[in-house]
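When reading the values below, keep in mind they use all heavy atoms of this one structure, side chains included, and skip hydrogens, waters and symmetry mates. Indexing begins at 1, ligand by ligand and atom by atom, following the structure's order. The structure presented is a predicted model; accordingly, all values stated were derived computationally and were not measured.
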Amino acid sequence: MRPAPAIATDHTRPLVRLRPGAGRRLKAGYPWAFSNEIAMRPDMRALPPGGLIRLEGDDGVRFGTCFYNPRSLIAARRLDADPEAEIDTGWFSLRLAEAASLRQRFFPTPFCRLVHAEADRLPGLIIDRFGPFVVLEANTAGMDRLLSEITAALEALLPLQGLLARNDSPARRLEGLGEEIRLLFGAIPDGLSVVEGGVSFPVDPTHGQKTGWYYDQRESRDRVAALARGARLLDVFCHTGGFGLRAAAAGAARVVLVDSSSAALALAEKAAERNGLRAEFVRADAFAAMAELASRGEQFDIVVCDPPPFIPTRRDQAAGLRGYERMARLAAALVAPGGFLFAASCSHHAAPESFAEAVARGLARAARGGRIVHAGGAGPDHPTHPHLPESAYLKTMLIQLF
Ligand code: SAH
């Protein structure tokens, strides 16, 4: 244990106070303070973005150690209840070990999301693990400043062979951070793979989308694969073929994969070849492809729609929800009676009810009824913070259509 400071003025960590009354949510467990809740002093504007502070209420209640970013709307993010906590390699080692031990209880192999930001008490840090190869996103200025401590902690915890920073997420702009893709340790080999449901998928974390693989849909892919024997399946927004090829391996009669990215489709083709699976690959806009298939009178037993976020910012709410409605309408028209529509939204800004309503409107416009068989989200490697319901960004629905 560290000795307590001899006198209160020993503090080197700057003290930031909340405005009167602004501590209510933090007292209840909320992990953030917004810039308009901070009692601003001129010297605070000079604090480095992502530096460590002690946060206190105007009543002297201590909220512990936080990241502080004067450039962000989310001004303070809680790291540790102890206002003097050393946020060093040892601190990260403990947090990462806790995160890893949760995942070990759910997954037999170390292929999963290892850290999911605030829920794992690591604000803004995302880490996906591919065995000894690891890809992170530092989406807060605080995490960005501590990359060497994070790297050292991962090195201590894992048999780490490669660590890549995929710091090109738009979330970084909100923290005043630029985009970069940088190798932090070892090497990321070209031939990386994820095996899911017995199917081996090539993964390209350096050039691919996000960290290279969407671990968040693992359980949805299991659920769709379980329905796939003998089925005709259409997977629009297929990325590297996760849903479609899992279905092909489960005995689907026909699999059509559509994506607008030729790089994603090239990996899907490679996966199909490697696993001896048959599929049709179509590079097209998903909406245009669905309209075209409908005009030819094509029918499928399962249609999978797992698009990119249609609501990237709060302002895009109305247009985005119309996008989900249109997607559901076009997809529903292709589902044979008794078949299934799987629809997903990964937009933080779409509340689950709004997404469900948009899908319902789409079904109505396609003159289809149905029953929701399952509604859910990401798997247990994507835990959410109890006070940040919007961090449950992924919404999924499996609907049987009449
Ligand atoms: N279901 C996939 C993940 C989908 S990610 C999996 O399990 O791995 C969303 C995909 O939509 C990306 O691959 C992206 O290239 C694709 N995409 C984005 N806009 C599109 C469009 N208009 N038409 C078709 N595909 C699109």
* **Summary of side-chain hydrogen bond (donor to acceptor under 3.5 Å, both in side chains) pairs that have at least one residue in residues 33-47, sequence neighbours excluded** =>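 Found R25-E37, R41-D43.
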- prompt: Hey, is CZ on R274 packed in by over 12 heavy atoms from elsewhere, all under 6.0 Å?
  reply: yes
*Ring center gap for W213 and F201 short of 6.0 angstrom*: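 Yes, the ring centres sit under 6.0 Å apart.
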Output all residues satisfying salt bridge (charged side-chain N to carboxylate O under 4.0 Å, His left out) with E292, sequence neighbours left out; order by chain, then residue number.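 Checked E292 against salt bridge (charged side-chain N to carboxylate O under 4.0 Å, His left out); matches are R296.
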Sorted by chain and residue number, the salt bridge (charged side-chain N to carboxylate O under 4.0 Å, His left out) partners of D316 (sequence neighbours excluded) come out as none
Given a heavy-atom cut-off of 4.0 Å, could you list the residues near ligand 1 in chain and number order?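 Lining ligand 1: Q209, Y214, R221, F237, C238, H239, F243, D259, S260, S261, A284, D285, A286, D306, P308.
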### Task
Just say parallel, tilted or perpendicular for the rings of Y393 and H348, cut-offs at 30° and 60°.
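Tilted.
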